[in-house]
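Since the structure comes first, as structure tokens, the remarks are kept for the end.
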Amino acid sequence: MTTDRFDELLRIKEEVQRGPDPKATERQHAKGKLTARERIGLLVDKGSFTEVEALRRHRAVGFGLEAKRPYTDGVVTGWGTVEGRTVFVYAHDFRIFGGALGEAHAQKIHKLMDMAISAGAPLVSLNDGAGARIQEGVSALAGYGGIFRRNTRASGVIPQISVMLGPCAGGAAYSPALTDFVFAVRDVSQMFITGPDVVQAVTGEQVTQNELGGADVHAGVSGVAHFVYDDEETCLAEVRYLLSLLPSNNRELPPRVRGEDPADRLGDALLDLVPADGNRSYDIRAVIEEVVDDGEFMEVHASWAPNIVCGLARLDGHVVGVVANQPLSMAGALDIRASEKGARFVQFCDAFSIPLVTLVDVPGFLPGVDQEHDGIIRRGAKLLYAYCNATVPRISVVLRKAYGGAYIVMDSRSIGADVALAWPTNEIAVMGAEGAANVVFRREIAAARDPDATRAEKIEEYRRELVHPYYAAERGLVDDVIDPRETRSVLCRTMSMLVTKDVDLPHRKHGNPPQ
Ligand SMILES: CC(=O)SCCNC(=O)CCNC(=O)[C@H](O)C(C)(C)COP(=O)(O)OP(=O)(O)OC[C@H]1O[C@@H](n2cnc3c(N)ncnc32)[C@H](O)[C@@H]1OP(=O)(O)O
């Protein structure tokens, strides 16, 4: 090959790496944002990134596009490794057309998604884009259609993670909504279907980008974001950590990594962490951290629906999904948000062979007109549906109380828990003794010479007969009543037995979950 050809190649490659004019890079940095390549560098193992279609350019015409045909067309696509395992990644380059998606840009993403699905490796998108490229009209819209279709096809096949690193509008917000996890960074990420200008034009509401769709809005109010961090570096390090807990695809098991924590370690602290009085609150996260390997718990949706806690941890090296009621928030009652949060998490774990451990301390579903009118029947049913559908190993432990429908939903034996355990202090019943006595013995209490004494007697009778774990244990609805200090060792032992669980389901195209 001639030197000229080498020089040409070097010149083009250099132009690709440099990106558009340096002022655009300065503007990106001035906003406290990294460039697409800097981000990829933080995400994948050093030196492992292989780019595809770096030389791609659009062929669109009109609106001056002919004169502006930068390499990459505004998205960097390729694959690398995270802790040695292959991961596919695409990153919008906001410096080019504001990261907006045109036909060529979309086709690059389509190709990468197809590669990720056939290779059976996770896909991470680093989003910093203004949605459909306005100058390319319907070609841009069709490009998004192709991404949405592939997101949906890949759902439950490979893990898909979206990291929001800029103002993401329209399709750039919808594609992440179809993926498994959304990461956001404070003061950097915004997500909205239509930006503040359109909102003002249509509704008259004046709102900033952050107020409309900033990281904390989506992490705490809308529930769109699962994780939120203060800076891009921490965010991308946490994406790496999450990937280390996940299998590459739905045919693999999550990687087992045994640490130093002995599987038979006793949890003496549990006796103090959980007050025996069922009305006193405590932080369930402290209980989870006491039970799992090395106290490491990656909480999902920490700021949204805090009355249920969901997250990933390890037990004797096996990755598990933990779902637990949080007595610190609304006494741990289940409401619409908690049900939706739990359902999505259970569904994710089931799709990717992650066993479920459910820690139950639930007074019931939250009563209220708002909840009923907002559809707690159909939306609460999502959690029930997700558990009933899950074929991964499932262990539940009732810590203190489990009442009514909420007992059934929180992975009771009757809906398919493989092993159901209970602490000796717990109460499993249709309702608490006071409520039960008032309903069942109402007439007797009213007719009594001393109604208060009779009520107290009946409450005690109900409590003695029904409100203890042995009623459930005698009926096989609880497999064992355990010493709370042995929770970790029993869970580790049981998990080791269950990892080979195999279930055949009747043939169907797909279910029809409540919406
Ligand atoms: C299916 C769908 O996706 S429909 C949605 C279509 N997208 C939209 O409606 C979003 C329109 N864009 C916006 O609202 C804003 O640009 C935001 C909120 C995304 C970003 O705002 P800012 O951070 O202030 O950036 P700014 O508006 O300066 O845009 C940066 C550059 O991207 C360009 N750009 C922004 N959006 C688009 C777009 N959708 N298509 C093409 N170019 C765009 C801007 O013209 C600007 O170009 P320049 O640097 O050459 O002047």
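Whatever order the structure lists them in is the order used to number ligands and atoms, beginning at 1.
- Shortest non-hydrogen contact noted between His226 and Asp180 is CE1-O, 3.5 Å.
- In terms of heavy atoms, Asp374 sits closest to Arg379 at O-NH1, 2.9 Å.
- A perpendicular orientation is assigned to the rings of Phe181 and Phe348, their planes being inclined by more than 60° (bins at 30° and 60°).
- Relative to the ring axis of Phe94, Lys33 places its NZ or CZ within 45° and under 6.0 Å from the centre.
- Leu34 has its side chain within reach of Glu233: a pair of non-hydrogen atoms, C-beta onward, lies under 4.5 Å apart.
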Do any nitrogen or oxygen atoms of ligand 1 lie under 3.5 Å from a protein nitrogen or oxygen, and which ones?
unit_1: ligand 1; atom_1: 3 (O); unit_2: Ala132; atom_2: N; d: 2.9
unit_1: ligand 1; atom_1: 3 (O); unit_2: Gly171; atom_2: N; d: 2.8
unit_1: ligand 1; atom_1: 7 (N); unit_2: Ala130; atom_2: O; d: 2.8
unit_1: ligand 1; atom_1: 32 (O); unit_2: Gly98; atom_2: N; d: 3.2
unit_1: ligand 1; atom_1: 39 (N); unit_2: Ala130; atom_2: O; d: 3.4
unit_1: ligand 1; atom_1: 39 (N); unit_2: Ala132; atom_2: O; d: 2.9
unit_1: ligand 1; atom_1: 40 (N); unit_2: Ile134; atom_2: N; d: 3.0

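- Cation-pi contact between Arg57 and Tyr71: present, with separation from the ring centre below 6.0 Å and deviation from the ring axis of at most 45°.
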